[in-house]
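Reading through the structure tokens given below for one structure.
Computed over heavy atoms, backbone and side chain alike; hydrogens, waters and symmetry mates excluded.
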Amino acid sequence: MSKNSEKKLAQLKATKIKIYQTILLILLAIRTLGDWYFGDLLTLKGFGTYLFLVLAAVVCYRGIDRALEIGVSYEGYNDLFIINSFVMFTSLFSKWFWIAYLTVPGYGLFHLLKFCWGYIGTTNYAEDTKGDDDGSKKKKEKAEKVKYKTVRK
């Protein structure tokens, strides 16, 4: 049964990697042709922008590939790949689409605050002992006491 599941995982990995490869190659071709057409590859700023986008896409792609290879979650790489792909395509039309990269530190801040809220939001208060009389204490002790039953043969 493990051989079947390994085969399924390998097949799933192969299909997902082909999808990501296709998306990456199409976006790189569009970006390269667009930057060449607008003359951005010939300037230092344009070439630096192109290099940054390509490196970010390749790092995300490799992260997804490795995560699929060992069978762990690649959600973070996938999110970055989607944001990078969006910026890579749309920044050809307007330079304001770079603002979409602000979602990356915003997403990190969200998870940091959620992590901190786990410690801040949970408090351990001591039990309120006011109003307890002897009768209620005995009832609590009796309820907490484990009852054993002996079985004889």
Exercise. Step by step, would you call Phe89 with Leu27 a side-chain contact (heavy atoms from CB on, under 4.5 Å)?
Worked result: CA-CA 7 Å; Phe89 180 71; Leu27 284 173; 3.9 Å; yes
Seminar exercise, completed: Between Ala67 and Ser73 the two heavy atoms that sit nearest each other are CB-O, 4.0 Å
Exercise. Can you list the other members of the hydrophobic cluster that holds Leu33, where links are side-chain heavy atoms under 4.5 angstrom apart?
Worked result: none
For this session: Treat each ILVMFWY residue as a node, draw an edge where side-chain heavy atoms are under 4.5 Å apart, and state whether Leu12 and Tyr61 are in one component.
Result: no
Exercise. Where the side chain of Asn84 meets the backbone of Leu53, is there a donor-acceptor pair that is under 3.5 Å apart?
Worked result: yes
Problem set entry | Hydrophobic cluster identity match, Tyr50 and Leu42, side-chain contacts under 4.5 Å | yes
Problem set entry | Hydrophobic cluster membership, Ile26 vs Ile82, 4.5 Å side-chain cutoff | no
For this session: Mind checking side-chain hydrogen bond (donor to acceptor under 3.5 Å, both in side chains) for Glu69 and listing every partner two or more places apart, or none if nothing turns up?
Result: none
Problem set entry | For Thr103, all residues meeting side-chain hydrogen bond (donor to acceptor under 3.5 Å, both in side chains), sequence neighbours excluded | none
Problem set entry | From CA spacing to verdict: side-chain contact (heavy atoms from CB on, under 4.5 Å), Leu28, Met88 | CA-CA 8 Å; Leu28 286 176; Met88 188 183 289; 4.2 Å; yes
For this session: For residues Thr90 and Trp96, determine if any side-chain heavy atom of one lies less than 4.5 Å from a side-chain heavy atom of the other.
Result: no
Exercise. When you measure from the side chain of Thr43 to the backbone N and O of Gly46, does any donor-acceptor pair fall under 3.5 Å?
Worked result: yes
For this session: State which residues pass ring-ring contact (aromatic ring centres under 6.0 Å, His included) with Tyr37; sequence neighbours excluded, sorted by chain then number.
Result: none
For this session: Could you tell me the separation between the CD1 atom of Ile70 and the NZ atom of Lys13, rounded to the nearest 0.5 Å?
Result: 11.5 Å
Problem set entry | Test item: Tyr74 and Arg66 side chains (from C-beta on) under 4.5 Å apart, heavy atoms | no
Exercise. Going only through I, L, V, M, F, W and Y residues with side-chain contacts under 4.5 Å, is there a path from Leu80 to Ile99?
Worked result: no
Exercise. Residues two or more places apart in sequence or in another chain: which of them pass side-chain hydrogen bond (donor to acceptor under 3.5 Å, both in side chains) with Ser91?
Worked result: Arg31
Problem set entry | Between CD1 on residue Ile83 and CG on residue Asn78, distance to nearest 0.5 Å | 10.0 Å
Exercise. Which atoms form the tightest heavy-atom contact between Phe97 and Val87, and what is the distance?
Worked result: O-CG2, 3.7 Å
For this session: Before giving the answer on ring-ring contact (aromatic ring centres under 6.0 Å, His included), spell out for His111 and Tyr107 the whole-Å C-alpha distance, their side-chain angles and the decisive distance to 0.1 Å.
Result: CA-CA 6 Å; His111 280 291; Tyr107 187 70; 4.6 Å; yes
Exercise. Between Thr32 and Ala29, is there a donor-acceptor pair closer than 3.5 Å when you use the side chain of the first and the backbone of the second?
Worked result: no
Exercise. Will you find, in the side chains of Tyr20 and Asp65, an N or O donor that is under 3.5 Å from an N or O acceptor?
Worked result: no
For this session: Could you tell me whether Lys95 atom NZ has more than 12 heavy atoms of other residues or ligands within 6.0 Å of it?
Result: yes
Exercise. According to a 4.5 Å side-chain heavy-atom criterion applied to Ile, Leu, Val, Met, Phe, Trp and Tyr, with indirect links allowed, do Phe52 and Phe93 form part of one hydrophobic cluster?
Worked result: yes
For this session: Measure across Leu41 and Trp36 and return the closest heavy-atom pair with its distance rounded to 0.1 Å.
Result: CD1-CE3, 3.8 Å
For this session: May I ask you to check whether over 12 heavy atoms, not counting those of Leu44, lie within 6.0 Å of atom CG?
Result: no
Problem set entry | Heavy-atom closest pair, residues Leu24 and Ala57 | CD1-CB, 3.3 Å
For this session: Name all residues meeting the ring-ring contact (aromatic ring centres under 6.0 Å, His included) criterion together with Trp98; count only those two or more places apart in sequence or in a different chain, and write none if there are none.
Result: Tyr101
Problem set entry | Flag if over 12 foreign heavy atoms under 6.0 Å of OH, Tyr77 | no
